[in-house]
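Written below as structure tokens is the structure these notes are about.
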Protein chains: 4
Amino acid sequence: MSSADDRALAQRTRILDAAQVCFQKSGFHCGSMATIAQTADMSAGLIYRYFENKNAIILAIIASQLDIIRQRIRDLRAAEDLGAALLDYFDSQCDPEQQQISVPLFLEMSAEATRDPEIAQAVRQFDDTILSEFTDWLSRSPENNGFGLPQDIAAERALGLMCLIEGLKVRKARNPDMDRALLKKAIDASLTNFVKQLPPASPAD
Amino acid sequence: MSSADDRALAQRTRILDAAQVCFQKSGFHCGSMATIAQTADMSAGLIYRYFENKNAIILAIIASQLDIIRQRIRDLRAAEDLGAALLDYFDSQCDPEQQQISVPLFLEMSAEATRDPEIAQAVRQFDDTILSEFTDWLSRSPENNGFGLPQDIAAERALGLMCLIEGLKVRKARNPDMDRALLKKAIDASLTNFVKQLPPASPAD
Amino acid sequence: MSSADDRALAQRTRILDAAQVCFQKSGFHCGSMATIAQTADMSAGLIYRYFENKNAIILAIIASQLDIIRQRIRDLRAAEDLGAALLDYFDSQCDPEQQQISVPLFLEMSAEATRDPEIAQAVRQFDDTILSEFTDWLSRSPENNGFGLPQDIAAERALGLMCLIEGLKVRKARNPDMDRALLKKAIDASLTNFVKQLPPASPAD
Amino acid sequence: MSSADDRALAQRTRILDAAQVCFQKSGFHCGSMATIAQTADMSAGLIYRYFENKNAIILAIIASQLDIIRQRIRDLRAAEDLGAALLDYFDSQCDPEQQQISVPLFLEMSAEATRDPEIAQAVRQFDDTILSEFTDWLSRSPENNGFGLPQDIAAERALGLMCLIEGLKVRKARNPDMDRALLKKAIDASLTNFVKQLPPASPAD
DNA sequence: CATGAATGAGGATTCATTCAT
DNA sequence: GATGAATGAATCCTCATTCAT
């Protein structure tokens, strides 16, 4: 029983790994089931024992990407130098390795969220989670590894931080060879304001 | 003569408008020529009198989107309240109307830039233009409607500004109903740092 | 009236010349009306004023080819050296010039005769004419520029001659660079028997 | 394993048989994949599992035709009465049965050799083989079933023989009901010269 | 469980033909 | 007469999905 479940899980993983590679290379719609099967080194028919259809694979890939991203984003909070960590985060994309964030998939899934309600919901829920985790982090007291920002400020900074992270992904897709040093400065400039200090005139706000 | 050219131009526009609608709705790869033809209210074959193939349409759409975005971004520089203008920019998306930026198309084109060299080049050239325009703007003297930032700071802030703009687009796609007030605050917080003041330690730089 | 007829004839000729070029290059079925129109430097629609449809053009081209071939074959009878004349006949193919026999068209029309009854009839009638002209030639008395062969022998030699001519065309299509000297010898060897002498044992036949 | 290969081979054969029928009936360009599929009693898509595209089928048909012709031509050398054998060869065409030479296909492939380099090469190589086999045959000593012609004469007669064979095919296409007796005599007259005797002045050669 | 042959709908594209101007 | 825009059917080909083995 358990061994059968293990096998099923392993097969699913094998398929998803292959699908990730294919989708990354060709996009959700041009990555074909045949190619996925070939990449997974199994027959096309077998895939349907583990996934109802192609869309199920796409959804699973999206869920998996969201999981990976969530974890990577959580890891950011442990970083000594948040800017450097973001640069790394931003950097480790587009690897053929597994467990890596795929920028093209991220963008495509975001575009698809505009069309497919199921994807929209998954993405939305992910965003809510991340945002609230960020807010929590920023508002926690420094002795609890937080930044001690007031709740409302924290929420707004969390949103800004998310924009930054996602903006960086777009940069990465559009200009993968961008000057790293310049980028680091741009990131640091943003972060200065976001997380390291309260806004100058916050009492007057 | 001129009337024939007019007609040709009108037809091209009609096709591109239809294609924009279809691609927005279904993505570049799922938007079919048949659907475009139907939307444009013409036969599928006729499209090929005006565009060599589907890819040519995709490239034209991308070029048109980049043009629109470029113009919209240039307009930002004339804004009284840059934050509000960005919010507007961010807001006027996803309309079925023309001359509107389409967030899904923007994201898909960015993802596709990862795969198609022709798209990559178009996007890259666009980015370079915008970045240098931004840098120029930020480094111009205030009396010339600039911010008087030193060149190197200006370049880094330009990059940050671009990340912000694109991050906002991703936000829009993933969470179209986001709290506007919160967003405005997040934008303003970023802008404070980006364009309104020099970095704290600038004398020591 | 007459000038209108002249114009019509000129237009037909222009179209047929263009069609010949196109069909030669691409075959009857792949040579498109659009290409023909372009080659003839006229609009696609205009062609239909002079020919009912594409098939009518094909038939006209075939008729024209048969005319050209008929004339060329008739010219053979005036040759000093029939073998050399045949080599020339064989040689002057595939020129881009008009009024030339086109080997590919000849072969295609022969193949098509297998399928289209109209073409079959045209071709058949042509063959009958040529064969009887050949027979007549071979059986005419030498003082009338003939070979004085008895009627039955003449008929059989006429058929053999025709096979030779057509066999040479196939050769030309399949191996356009064939050794000319060798070919001349082969032709002469055939002709020796065909037209220059009676069969050795004809009295005993 | 072997059974899978068998199946694949059988399918390929089924497709090629169907294609042969269709191409014969409509020509290479008008015989459509849909018709071939229908004739082969399978779906259109399935054909693409066995052939990369339509052109691959055309090339395979041509290769197969060349094989059949090559074999049939080789068989000629074993004939008691070469003239009668040629008449048979010439006769057994246009059958819907397999392993038969198809005159229309032969003509079309020869025409197409004029346009498609790949076909040109296949045809050219075939011609070279046949010509050298003929030359060899004619130059072999009579006790080795040859005709003992000197090498150079043999080469020229081989070429003449090939013209005759191909000329007969053209005849067949253009006038399938030709008088058989007359044809036999024409063939025999040609052969007399080609293979049964040395040229008159051979001692002086 | 696994295969991969088979299907059939759908996609991009071409082209003979028509017709308003 | 002449144009060339427009049509729509047909063509080649792909691919998600099913199913007999």
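Here is how names work: the chains are called A, B, and so on, in the same order as the sequence lines, proteins then strands, and each is numbered from 1.
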Whole-Å distance separating the [atom1] atom of [X] from the [atom2] atom of [N]:
{"X": "C:H29", "N": "F:dA10", "atom1": "NE2", "atom2": "P", "answer": "16 Å"}
{"X": "B:K54", "N": "E:dA12", "atom1": "NZ", "atom2": "C1'", "answer": "8 Å"}
{"X": "C:Q38", "N": "E:dC15", "atom1": "CD", "atom2": "P", "answer": "12 Å"}
{"X": "B:N55", "N": "E:dG11", "atom1": "CG", "atom2": "P", "answer": "17 Å"}
{"X": "B:M42", "N": "F:dG8", "atom1": "CE", "atom2": "P", "answer": "13 Å"}
{"X": "D:M33", "N": "E:dA12", "atom1": "CE", "atom2": "P", "answer": "20 Å"}
{"X": "C:L46", "N": "E:dC19", "atom1": "CG", "atom2": "P", "answer": "16 Å"}
{"X": "A:F51", "N": "F:dT18", "atom1": "CZ", "atom2": "C1'", "answer": "18 Å"}

### Side chains of A:Q65 and A:Q20, donor plus acceptor under 3.5 Å
yes
### Distance-only side-chain donor-acceptor flag, C:R124 / C:Q121, under 3.5 Å
no
### Query
Applying a 3.5 Å limit to both distances, which nucleotide forms a Watson-Crick or G-U wobble pair with E:dT21?
F:dA2
#### Entry: Pairing partner (Watson-Crick or G-U wobble, both distances under 3.5 angstrom) of F:dT14
E:dA9
N or O in side chain of [X] less than 4.0 angstrom from [N] OP1/OP2:
{"X": "B:Y50", "N": "F:dA5", "answer": "no"}
{"X": "A:Q11", "N": "E:dC1", "answer": "no"}
{"X": "B:S43", "N": "F:dT7", "answer": "yes"}
{"X": "B:Y48", "N": "E:dT14", "answer": "no"}

### Summary
Of E:dA16, E:dT13, E:dG4, the nucleotide closest to the side chain of B:A44 is E:dT13
### Task
Take B:T35 and A:I47, find for each the nucleotide of DNA chain E with the closest heavy atom, and name the residue whose nucleotide sits nearer the 5' end.
A:I47
### Task
With DNA chain E as reference, determine whether B:C30 or C:S32 sits nearer its 5' end, using the nearest nucleotide of each.
B:C30
### Task
Search all heavy atoms of C:M33 against all heavy atoms of C:I57 and return the closest pair with its distance.
CE-CD1, 3.9 Å
### Query
Of the non-hydrogen atoms in A:F28 and A:M109, which two are nearest, and what is the gap between them?
CE1-N, 3.9 Å
### Summary
The residue, D:A34 or A:G45, whose nearest nucleotide of DNA chain F is more 5′ is D:A34
## Note on the structure
In this structure, OG of A:S110 is separated from CD of B:E108 (nearest 0.5 Å) by 11.5 Å
